Amino acid sequence: MSDRFGAFGAPVPETGPAAQHIAQRVASRRRGILRRTVMTHDIISLDDHETVARWIRHMHEGTSQTVTVNRPWGSVFAISMGRPPAGVMVESGTRLLYAGSPAGMVVPDVAPLTPAQVEQLMIEALTADHLPGWPQWREG
C-alpha cells in the first residue's frame with residue numbers, strides 16, 4: 001500500500017520505472033450515516049491474474065474503482081463509477097486511447113464493453129509485450 005497521499009487523503013498512484021511492472025487498484029466508497037468517502041489502494045505484481053480478475057468482477061458493487069495495469073509500453077485503466085459499464089482506456093506516451101466508455105461518460109463513437117471483455121482485456125494487458133490489438137482503440 002502506498003504511504004503517499006495527495007488531495008483529500010487519496011493515495012498517489014505509484015510512478016517511476018518500478019511502477020511499469022505492477023497492477024494497482026484505487027477504490028472509493030461512501031460509508032456511514034454521514035456518507036464519508038473511504039479510499040483504498042492496493043498494489044500487486046503482474047503475475048497475480050486472480051486478483052486482477054477479482055477486482056474487475058467486483059467493479060460494479062457500489063464502489064468507484066480504477067484498476068490500472070502499468071507496462072513499459074503504457075498503462076491500461078479499467079474505470080467504474082460504481083455501476084456498469086466499466087470503461088477502458090490506455091495512456092501511452094502522449095496518446096490517450098479508449099476501448100469502452102464508463103457509465104456517465106460519453107466518448108464519441110466508443111461503445112461500452114461487456115464485463116467479460118473488460119476482464120479479458122485487462123488480463124491480456126498483464127502479459128502483453130505491446131498494446132493489446134483489440135478492440136478497436138479510439139483516440140481521445
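Fair warning: this is a prediction, and the values are worked out from it, not measured in the lab. All residue numbers refer to positions in the sequence shown, counting from 1. Computed from heavy atoms alone, side chains included, the values below leave out hydrogens, waters and symmetry copies.
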Working for side-chain contact (heavy atoms from CB on, under 4.5 Å), residues L113 and V88: CA-CA 8 Å; L113 299 176; V88 178; 3.8 Å; yes
Could you go through the side-chain contact (heavy atoms from CB on, under 4.5 Å) check for E124 and L126 one step at a time? CA-CA 5 Å; E124 186 176 330; L126 291 171; over 6 Å; no
Output, in order, the C-alpha distance, side-chain angles, deciding distance and verdict of side-chain contact (heavy atoms from CB on, under 4.5 Å) for R71 and V76. CA-CA 8 Å; R71 304 292 300 179; V76 181; 5.9 Å; no
Audit row: R25, H41, side-chain contact (heavy atoms from CB on, under 4.5 Å) steps and yes/no: CA-CA 6 Å; R25 174 181 67 162; H41 184 218; over 6 Å; no
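The two residues D129 and W73 make their nearest non-hydrogen contact at O-CD1, 3.2 Å. Considering every non-hydrogen atom in both F77 and E91, the closest pair reads CE1-CB, 3.9 Å. Residues S28 and T37 approach most closely at CB-CG2, 3.8 Å, considering heavy atoms. Between A99 and L121, the closest heavy-atom pair is CB-CD2, 4.2 Å. Between I56 and M122 the shortest heavy-atom distance is CD1-CG, 3.8 Å. The heavy-atom pair separating M59 from A78 by the smallest distance is CE-O, 3.3 Å.
Paired with V52 under the rule side-chain contact (heavy atoms from CB on, under 4.5 Å), one option of I44, D47, T68 passes, and it is I44.
Every residue two or more places apart in sequence or in another chain that forms a side-chain hydrogen bond (donor to acceptor under 3.5 Å, both in side chains) with H58 is listed here: E61. Shown here are the side-chain hydrogen bond (donor to acceptor under 3.5 Å, both in side chains) partners of T127, two or more places apart in sequence or in another chain: there are none. Applying the side-chain hydrogen bond (donor to acceptor under 3.5 Å, both in side chains) test to S75 and every residue at least two apart in sequence or in another chain returns N70.
Side chains of V26 and T40 form no contact here, defined as non-hydrogen atoms less than 4.5 Å apart. Side-chain contact between D42 and W55 is present, with at least one heavy-atom pair separated by less than 4.5 Å.
Proximity of a side-chain donor or acceptor of T114 to a complementary backbone N or O of Q117 within less than 3.5 Å is detected.
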